[in-house]
> 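Before I ask anything, here is the structure I am working with.
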Amino acid sequence: MAQRLRVHIQGIVQGVGFRPFIYQLAHRHRLNGYVANTPKGVELEVEGGRDALHHFLKELPTSAPPLARITQIETEELPAAAYSTFEIKASEEGEERAALISPDTTSCSDCLRELFEPQDRRHLYPFINCTNCGPRYTIINDIPYDRPKTSMAVFTMCDDCAREYHDPLDRRFHAQPNGCWNCGPRVWLADSSGEELKISEPISEAAKHLSQGAIVAVKGLGGFHLAVDASQNEAVKRLRWRKGREEKPLALMSSSLEQIERYALVEDEERRLLTCSQRPIVIVPKRPENTIAPEVAPRNRCFGVMLPYTPLHHLLLSHPFLALVMTSGNISEEPIAIDNLESVERLGKIADYFLFHDRDILLRSDDSILRPAGGQPRQIRRSRGYVPVPIFLRKPVAEVLALGGELKGTICLTKENRAFVGQHLGDLENLETLEFLELTVRHLRRILEVSPRLLVHDLHPDYLTTQMALAQDELPTLAVQHHHAHVVSCMAEHGLEGKVLGLALDGTGYGDDGCIWGGEILVADERNYERVAHFDYVPMPGGEKAIKEPWRMAVAYLWAGLGEKVFQDEQQPLQRWDRDQIGVLLQMMQRQINSPLTSSCGRLFDAVAALVGLRDRIAYEGQAAIELEQCMEPTTDKYHYEFKEVEGRMLLSATSIFTQVFDDVVSGVAPELVSGKFHQTLVAMFADACLHLCKLHGLNRVVCSGGVFQNVFLLENLEDRLEASGLEVYTPQLIPANDGCISLGQAVIGAASIAE
């Protein structure tokens with residue numbers, strides 16, 4: 001006797017070939033009924049024998065398409081309906097939206113084979129895609145995910161493409177970006193003014209100009225890249241000068257792993273990350289001898305590398321390049337360009353040529369950056385390929401919008417048991433980036449159909465996001481302390497409930513006492529926190545200027561630890577700093593003029609890097625700390641450290657550590673050994689502090705977050721030390737340890753405040 005089941009499936013099940021998969025699975029088990037997209041996901045009815053239905057349901061989650069991600073399957077039994085066929089129905093509209101949207105995905109092997117097959121009708125077509133690959137998030141305007149609701153709506157499919165699109169047995173069935181030479185998007189080459197060049201092979205012509213040292217702005221999946229031949233140092237220098245990017249490493253793209261291994265050392269974990277479907281930039285060590293231009297990553301032991309992830313990239317790199325620089329298409333500190341006309345206005349003075357196409361990018365999305373550490377891939381920048389896959393929370397929460405911090409901005413929206421952390425926005429220090437944030441909020445609110453009950457922002461009164469939150473009157477607001485958000489973001493990722501010991505180490509976060517925090521140990525849960533330990537305070541002479549000029553922090557730590565007399569001696573490490581400038585800083589600190597107090601671990605790293613002679617001024621955030629880690633030589637030696645109790649809190653003396661660093665530098669100890677001792681000291685000190693505080697507060701879980709935990713040595717060694725002592729240690733993996741995670745922590749804290 002026939003039995004009928006209705007099945008509701010939630011997750012990433014639209015735009016990934018899920019309906020044709022269900023269609024073929026039903027036919028294989030000789031079942032009748034239908035399947036359709038709905039605003040919640042996919043709904044299907046299947047009717048047939050009990051055994052056939054059993055095997056159908058058993059096979060469904062295990063053999064789903066590669067891009068699908070099933071989060072929930074609900075079934076209900078219904079009276080038989082005497083279906084005679086199985087069909088794919090048109091998508092349904094509805095009131096509530098719960099379908100998850102697939103991220104943009106790299107070209108699949110089937111499409112690449114067709115791309116380079118001379119007999120294929122899409123031979124060398126730069127927008128080849130199918131249900132298993134291609135653009136998703138960056139071209140979608142609304143859900144259900146159907147062609148009229150994407151930027152492909154303007155392209156009418158030819159008969160051949162339409163036949164594929166409507167055939168449930170075809171790989172391109174309902175592939176919304178489907179197109180070909182006859183009906184799909186086209187690519188063309190333009191000069192720096194945006195004027196199209198009348199040439200028959202624009203990609204080959206762009207490759208020729210790149211090989212001659214030109215800068216080409218290439219329109220990709222989530223925005224423009226600025227490309228140059230990575231083997232030509234003068235071309236790279238010219239790109240840096242025009243873009244206003246002094247020393248920060250530039251990303252590289254090569255055609256294959258074999259090409260990357262000619263200039264970088266790639267281990268198994270890096271290899272796995274480089275070839276995964278998200279195709280992120282992966283941080284890998286340089287080969288000692290390589291032919292990549294020195295200007296690509298000056299004074300850095302690593303390259304950021306990636307493989308091609310669009311057909312256009314594959315075609316460009318089919319020409320004989322070892323690697324192309326592929327850096328974000330923007331002037332430093334501005335959002336990446338996505339529109340053709342906009343790109344000419346913003347990039348016309350940087351690029352010599354533009355490789356345009358006419359498939360609109362609806363939402364910009366930078367390349368994601370990952371680095372393996374502690375046996376896990378770690379997000380440094382979470383964007384293309386990973387957004388908008390949500391972070392799944394341990395329970396449903398209220399709908400909240402969180403705006404993040406200032407640096408490495410992201411936004412976060414919560415819905416049911418999902419937290420949607422948006423793509424990397426950049427540093428929210430100008431109007432352009434703030435407008436990008438507002439666009440992202442509107443877009444995600446629409447496609448997720450979220451109606452927030454609360455708007456959460458950072459405690460810092462001067463952040464643009466804070467000012468934006470307080471200027472609106474649509475939603476009530478909540479200010480959240482920066483390091484509390486850091487700790488709770490990692491708790492949310494790991495589904496932790498109850499109190500934990502949170503170790504939050506970074507460069508800057510506004511404290512509830514008005515000082516700049518950054519070396520903090522908190523006892524925290526999703527609602528409250530207690531600051532139980534921190535670094536001792538030192539002044540930041542010049543405020544923000546002390547972040548960009550680490551030598552100022554070195555002066556501050558010496559003044560705090562040894563007093564003015566140290567500057568009166570003819571000490572070798574002090575001779576390279578201007579005496580008059582030192583005098584000005586001393587007066588500023590004594591008179592408390594523009595010298596806010598800080599407990600920042602990041603500023604301590606800066607001060608040590610300056611003192612040992614690595615970096616007096618930085619060209620990008622975190623540069624001094626990165627170079628200090630990279631110059632380190634292994635040692636078991638460490639400096640003496642001490643704890644004091646002040647007003648019921650443990651005080652960690654960064655100042656006493658710094659004075660010992662000074663003694664070593666004066667004695668001529670090499671920077672590499674000083675760095676090794678300094679790193680070992682931090683591991684031992686934080687491990688001892690955490691052990692003591694866990695016993696004191698009856699805790700056994702330590703949560704680590706903050707940009708300092710991008711330091712691989714510190715993360716791996718501290719985690720090992722704490723786990724060896726019997727503590728459970730949780731570190732960020734799915735989200736960045738840096739401020740890219742702040743919005744997630746804010747959102748969860750905001751939702752907890754509503755629940756309370």
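Computed over heavy atoms, backbone and side chain alike; hydrogens, waters and symmetry mates excluded.
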> How are the rings of His174 and His166 set relative to one another: parallel (under 30°), tilted (30 to 60°) or perpendicular (over 60°)?
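Because their plane-to-plane angle is over 60°, the rings of His174 and His166 count as perpendicular.
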> On a heavy-atom basis, which atom in Gly134 and which in Asn129 lie closest, and how many Å separate them?
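Heavy-atom minimum between the residues: CA-CB, 4.2 Å.
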> Which heavy atom of Glu164 sits nearest a heavy atom of Arg122, and at what distance?
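Where Glu164 meets Arg122 most closely, the heavy atoms are OE1-NH2, 2.6 Å.
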> Are the side chains of Leu407 and Glu621 in contact, using a 4.5 Å heavy-atom criterion?
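With C-beta onward as the side chain, the pair touches.
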> Do the side chain of Arg147 and the main chain of Phe155 share a donor and acceptor less than 3.5 angstrom apart?
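Here the side-chain-to-backbone pair exists.
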> For Lys248, I'd like to know if atom NZ has over 12 heavy atoms of other residues, nucleotides or ligands within 6.0 Å.
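Result for NZ/Lys248: open.
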> Can Asn738 and Arg381 be said to form a side-chain hydrogen bond (donor to acceptor under 3.5 Å, both in side chains), step by step?
CA-CA 9 Å; Asn738 61 41; Arg381 184 168 77 193; over 6 Å; no
> At their closest point, which heavy atom of Ala64 faces which heavy atom of Ala68, and how far apart are they?
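Looking at all heavy atoms of both residues, the closest pair is CB-CB, 4.2 Å.
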> Considering non-hydrogen atoms only, spot the tightest contact between Pro280 and Leu273 and give its length.
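Looking at all heavy atoms of both residues, the closest pair is CD-O, 3.4 Å.
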> Answer whether the closest heavy-atom distance between the side chains of Leu401 and Leu454 falls below 4.5 Å.
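Counting from C-beta outward, Leu401 and Leu454 never come under 4.5 Å.
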> Is it true that a side-chain atom of Asn178 and a backbone atom of Arg172 form a donor plus acceptor pair closer than 3.5 Å?
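It does not hold such a pair.
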> Which atoms form the tightest heavy-atom contact between Val389 and Pro103, and what is the distance?
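So the two residues come closest at CG2-CG, 3.4 Å.
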> With a 4.5 Å heavy-atom cut-off, do Pro65 and Phe18 have their side chains touching?
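In short, these two side chains touch, coming nearer than 4.5 Å.
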> Give a yes or no on whether Glu246 atom CD has more than 12 heavy-atom contacts from other residues, nucleotides or ligands under 6.0 Å away.
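12 or below, so no.
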> Go through the steps to decide whether Leu307 and His313 satisfy the test side chain to side chain contact (heavy atoms under 4.5 Å, CB included), and finish with yes or no.
CA-CA 9 Å; Leu307 291 170; His313 292 146; over 6 Å; no
> Given side chains that start at C-beta, do those of Ile361 and Lys219 come closer than 4.5 Å, heavy atoms only?
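Sidechains of Lys219 and Ile361: in contact.
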> Answer yes or no: is there an ion pair linking Glu474 with Arg445, defined by an N-O contact shorter than 4.0 Å?
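Looking at Arg445 together with Glu474, the answer is yes, because their closest N to O distance falls below 4.0 Å.
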> Given 3.5 Å as the limit, does a donor-acceptor pair link the side chain of Gln472 with the main chain of Ala469, or not?
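Side chain of Gln472 to backbone of Ala469, a donor-acceptor pair under 3.5 Å: yes, one is there.
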> Regarding Arg186 and Glu196, does a basic nitrogen lie under 4.0 Å from an acidic carboxylate oxygen?
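The answer is yes: the pair qualifies as a salt bridge.
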> Would you sort out whether Tyr309 and Met253 count as a side chain to side chain contact (heavy atoms under 4.5 Å, CB included), showing the intermediate values?
CA-CA 10 Å; Tyr309 54 86; Met253 181 183 282; 3.9 Å; yes
> Between the main-chain N or O of His123 and the side-chain N or O of Trp181, is there a donor-acceptor pair closer than 3.5 Å?
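Judged by distance alone, yes, a pair lies under 3.5 Å.
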> Could you walk me through whether Tyr463 and His457 pass ring-ring contact (aromatic ring centres under 6.0 Å, His included), step by step?
CA-CA 9 Å; Tyr463 283 179; His457 61 89; 9.9 Å; no
> Rounded to the nearest 0.5 Å, what's the gap from CD1 on Ile203 to NE2 on His314? Could you check?
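Output value for this atom pair is 12.0 Å.
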> Nearest 0.5 angstrom please: Ile128 CD1 to Thr310 OG1, how far?
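Ile128 atom CD1 to Thr310 atom OG1 measures 12.0 Å (nearest 0.5 Å).
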> Between Tyr137 and Ile447, is there a side-chain heavy-atom distance shorter than 4.5 Å?
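Counting from C-beta outward, Ile447 and Tyr137 do come under 4.5 Å.
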> Assess the residue pair Arg121 and Cys161 against the criterion (side chain to side chain contact (heavy atoms under 4.5 Å, CB included)); give the C-alpha distance rounded to whole Å, side-chain angles, the decisive distance to 0.1 Å, and a yes or no.
CA-CA 11 Å; Arg121 72 185 189 90; Cys161 287; 3.3 Å; yes
> Tell me whether Lys243 contacts the main-chain N or O of Asn330 through its side chain, where contact means a donor paired with an acceptor under 3.5 Å.
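Flag set: sc Lys243 to bb Asn330 pair under 3.5 Å.
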> On the 0 to 90° scale, with breaks at 30° and 60°, tag the Phe354-Phe356 ring pair as parallel, tilted or perpendicular.
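Rings of Phe354 and Phe356: parallel, under 30°.
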> Nearest 0.5 Å please: distance from the CG atom of Asp367 over to the OG1 atom of Thr327.
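Answer rounded to 0.5 Å: 9.0 Å.
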> Picking from Val400, Leu744, Leu403, what satisfies side-chain contact (heavy atoms from CB on, under 4.5 Å) with Cys412?
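Exactly one option meets the side-chain contact (heavy atoms from CB on, under 4.5 Å) with Cys412, and it is Leu744.
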> With a 4.5 Å cut-off on side-chain heavy atoms, are Gln423 and Asp366 touching?
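Not in contact.
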> Indicate yes or no for a side-chain donor-acceptor contact from Gln10 to the backbone of Gly41 under 3.5 Å, with no hydrogens or angles considered.
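No, the answer is negative, given that no donor and acceptor are paired below the 3.5 Å cut-off.
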> Give the C-alpha distance, both sets of side-chain angles, the deciding distance and a yes or no for side chain to side chain contact (heavy atoms under 4.5 Å, CB included) between Cys111 and Arg171.
CA-CA 10 Å; Cys111 284; Arg171 199 174 88 250; 3.2 Å; yes
> State whether the side chain of Gln232 and the backbone N or O of Ser211 hold a donor-acceptor pair below 3.5 Å, judged by distance alone.
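Present.
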> Is NZ or CZ of Arg359 both nearer than 6.0 Å to the six-membered ring centre of Phe127 and within 45° of the ring axis?
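Output no; distance or angle outside limits.
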> Roughly how far, to the nearest 0.5 Å, is CG of Leu226 from CG of Leu250?
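Answer rounded to 0.5 Å: 9.5 Å.
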> Does Glu117, at its CD atom, have more than 12 non-hydrogen atoms belonging to other residues, nucleotides or ligands within less than 6.0 Å?
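Atom CD in Glu117 is crowded, with more than 12 foreign heavy atoms closer than 6.0 Å.
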> Within the side chain of Asn340, is there an N or O that forms a donor-acceptor pair under 3.5 Å with the backbone of His357?
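Yes, because the side chain of Asn340 sits within donor-acceptor range (under 3.5 Å) of the backbone of His357.
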> Between the side chain of Arg240 and the main-chain N/O of Glu295, is any donor-acceptor distance below 3.5 Å?
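Answer holds: yes.
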> For the residue pair His8 and Thr38, establish whether any side-chain heavy-atom pair is separated by less than 4.5 Å.
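His8 vs Thr38: side chains apart.
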> Looking at CG of Leu464 and OG1 of Thr433, how far apart are the two atoms once the value is rounded to the nearest 0.5 Å?
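Separation between the atoms: 9.0 Å.
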> For the residue pair Ile215 and Tyr353, establish whether any side-chain heavy-atom pair is separated by less than 4.5 Å.
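They are not in side-chain contact.
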> Could you state the interatomic distance from CG (Leu124) to OG (Ser204), rounded to the nearest 0.5 Å?
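Leu124 atom CG to Ser204 atom OG measures 8.0 Å (nearest 0.5 Å).
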> Against the six-membered ring of Phe224, is Arg346 placed for a cation-pi contact (under 6.0 Å from the centre, within 45° of the normal)?
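No; the conditions do not both hold, so Arg346 does not lie above the ring face of Phe224.
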> State plainly whether the residues Lys149 and Asp146 are in salt-bridge range, i.e. N to O under 4.0 Å.
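No salt bridge links Lys149 with Asp146.
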> Looking only at heavy atoms, what is the nearest atom pair of Arg136 and Asp104, with distance?
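Closest heavy-atom pair between Arg136 and Asp104: N-OD1, 2.6 Å.
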> Is the backbone N or O of Phe173 less than 3.5 Å from a side-chain atom of Thr131, with the two atoms forming a donor-acceptor pair by type?
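Looks like yes, one N/O pair under 3.5 Å.
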> Do we see a donor-acceptor contact under 3.5 Å between the side chains of Thr105 and Ser277?
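Short answer, no.
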